[in-house]
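Since the structure is predicted, the reported quantities are computational estimates derived from the model, not experimental observations.
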Amino acid sequence: MFAVVRTGGKQYRVAAGDKIAVEKLAGEAGDKITLGDILLAGKDGEVADIANVTVAAEIIAQAKSEKVVVFKKRRRHNYRRKASHRQQMTLLRIVSVG
């Protein structure tokens, strides 16, 4: 069975055993959480009723994503700015869908 869940403003298609990286969620490694905002659920090409579906996940780790470098430059004006950012994220293992 699979489900489409929304967390952190993004949507993810998940099934039992999947590992996903989402925007930072509260909790420590090893904690169990329930993803509540389920948009779609199905099995074998059939759409299931989302009222009875729950998605349980386990937090694997709290980490940072890849570094994004922001570089600004204006030609012939001796203007250069360099900044970078690493977004906080949570690694999840989907325990069960259903």
Side-chain angles (χ1 to χ4, degrees):
M1 184 166 208
F2 73 93
V4 177
V5 296
R6 179 172 41 213
T7 178
K10 299 177 181 72
Q11 299 174 9
Y12 302 91
R13 183 188 189 275
V14 296
D18 287 353
K19 294 180 184 177
I20 59 172
V22 300
E23 296 288 324
K24 185 172 171 80
L25 299 172
E28 298 295 323
D31 289 351
K32 308 278 189 213
I33 62 169
T34 303
L35 300 175
D37 198 2
I38 301 171
L39 304 175
L40 179 77
K43 185 175 182 180
D44 299 328
E46 298 294 321
V47 176
D49 183 24
I50 62 172
N52 340 345
V53 176
T54 59
V55 177
E58 176 186 4
I59 296 177
I60 299 171
Q62 301 284 2
K64 288 185 176 181
S65 64
E66 295 294 318
K67 183 179 282 192
V68 176
V69 176
V70 179
F71 184 73
K72 299 179 181 180
K73 179 181 177 180
R74 293 196 180 143
R75 300 187 314 166
R76 299 182 298 273
H77 290 281
N78 195 26
Y79 175 85
R80 289 180 213 89
R81 300 291 182 267
K82 184 175 180 180
S84 60
H85 177 72
R86 291 185 72 184
Q87 186 69 29
Q88 298 281 335
M89 65 180 200
T90 301
L91 300 174
L92 296 177
R93 178 183 297 115
I94 305 301
V95 177
S96 64
V97 176

### Test item: V14 and L35 side chains (from C-beta on) under 4.5 Å apart, heavy atoms
no
### Query
Would you say the side-chain atoms of Q62 pair up with the backbone N or O of A26, donor to acceptor, closer than 3.5 Å?
no
### Message
Would you say that Q87 contacts K24 through its side chain, given a criterion of any heavy-atom pair below 4.5 Å between the two side chains?
### Response
no
### Message
Do L40 and V47 have side chains that approach each other closer than 4.5 Å (heavy atoms only, starting at C-beta)?
### Response
yes
### Query
Looking at NZ of K43 and CZ of F2, how far apart are the two atoms once the value is rounded to the nearest 0.5 Å?
11.5 Å
#### Entry: Under 3.5 Å donor-acceptor, S65 side chain and R86 backbone
no
#### Entry: Closest heavy-atom pair and its distance - I60, A29
O-CB, 3.4 Å
#### Entry: Distance-only donor-acceptor check, side chains N78 and R76, under 3.5 Å
no
### Message
Assess the residue pair I33 and L92 against the criterion (side-chain contact (heavy atoms from CB on, under 4.5 Å)); give the C-alpha distance rounded to whole Å, side-chain angles, the decisive distance to 0.1 Å, and a yes or no.
### Response
CA-CA 9 Å; I33 62 169; L92 296 177; 3.8 Å; yes
### Query
Do L91 and V97 sit in the same hydrophobic cluster, where Ile, Leu, Val, Met, Phe, Trp and Tyr count as joined when their side-chain heavy atoms come under 4.5 Å apart?
no
### Message
As an exercise, state the distance from CZ of R74 to CZ of R81, rounded to the nearest 0.5 Å.
### Response
9.0 Å
### Query
Do the side chains of M1 and I20 join up, straight or via other hydrophobic residues, at under 4.5 Å, putting them in one cluster?
yes
### Message
Could you measure the distance from the OG1 atom of T90 to the CD1 atom of I59? Nearest 0.5 Å is fine.
### Response
6.0 Å
### Task
Identify the two heavy atoms, one from A16 and one from S96, that lie closest to each other, and give their separation to 0.1 Å.
CB-CA, 4.4 Å
### Query
Rounded to the nearest 0.5 Å, how far apart are NZ of K19 and CZ of R93?
5.0 Å
### Task
Verify side-chain contact (heavy atoms from CB on, under 4.5 Å) between V55 and I94, making sure each step is shown before the conclusion.
CA-CA 7 Å; V55 177; I94 305 301; 4.2 Å; yes
### Message
Test of understanding: with salt bridge (charged side-chain N to carboxylate O under 4.0 Å, His left out), list the residues that count as partners of K32, not counting sequence neighbours.
### Response
E58
### Query
Is V68 isolated, or which residues cluster with it under the ILVMFWY side-chain rule of less than 4.5 Å, directly or via members?
none
### Query
About how many Å separate CD1 of I38 and OG1 of T7, when rounded to the nearest 0.5 Å?
12.0 Å
### Donor-acceptor contact present, side-chain R13 to main-chain V4, <3.5 Å
no
### Task
Side-chain contact test, heavy atoms from C-beta onward, threshold under 4.5 Å: evaluate it for V69 versus K82 and give yes or no.
yes
### Task
Look at the side chain of S84 and the backbone N and O of K67, then say whether any donor-acceptor pair between them is shorter than 3.5 Å.
no
### Task
With side-chain contact (heavy atoms from CB on, under 4.5 Å) as the test, would you mind laying out the steps for K64 and Q88 before giving the verdict?
CA-CA 5 Å; K64 288 185 176 181; Q88 298 281 335; 3.3 Å; yes
#### Entry: Atom of A41, atom of I50 and distance for their closest heavy-atom approach
N-CG2, 3.8 Å
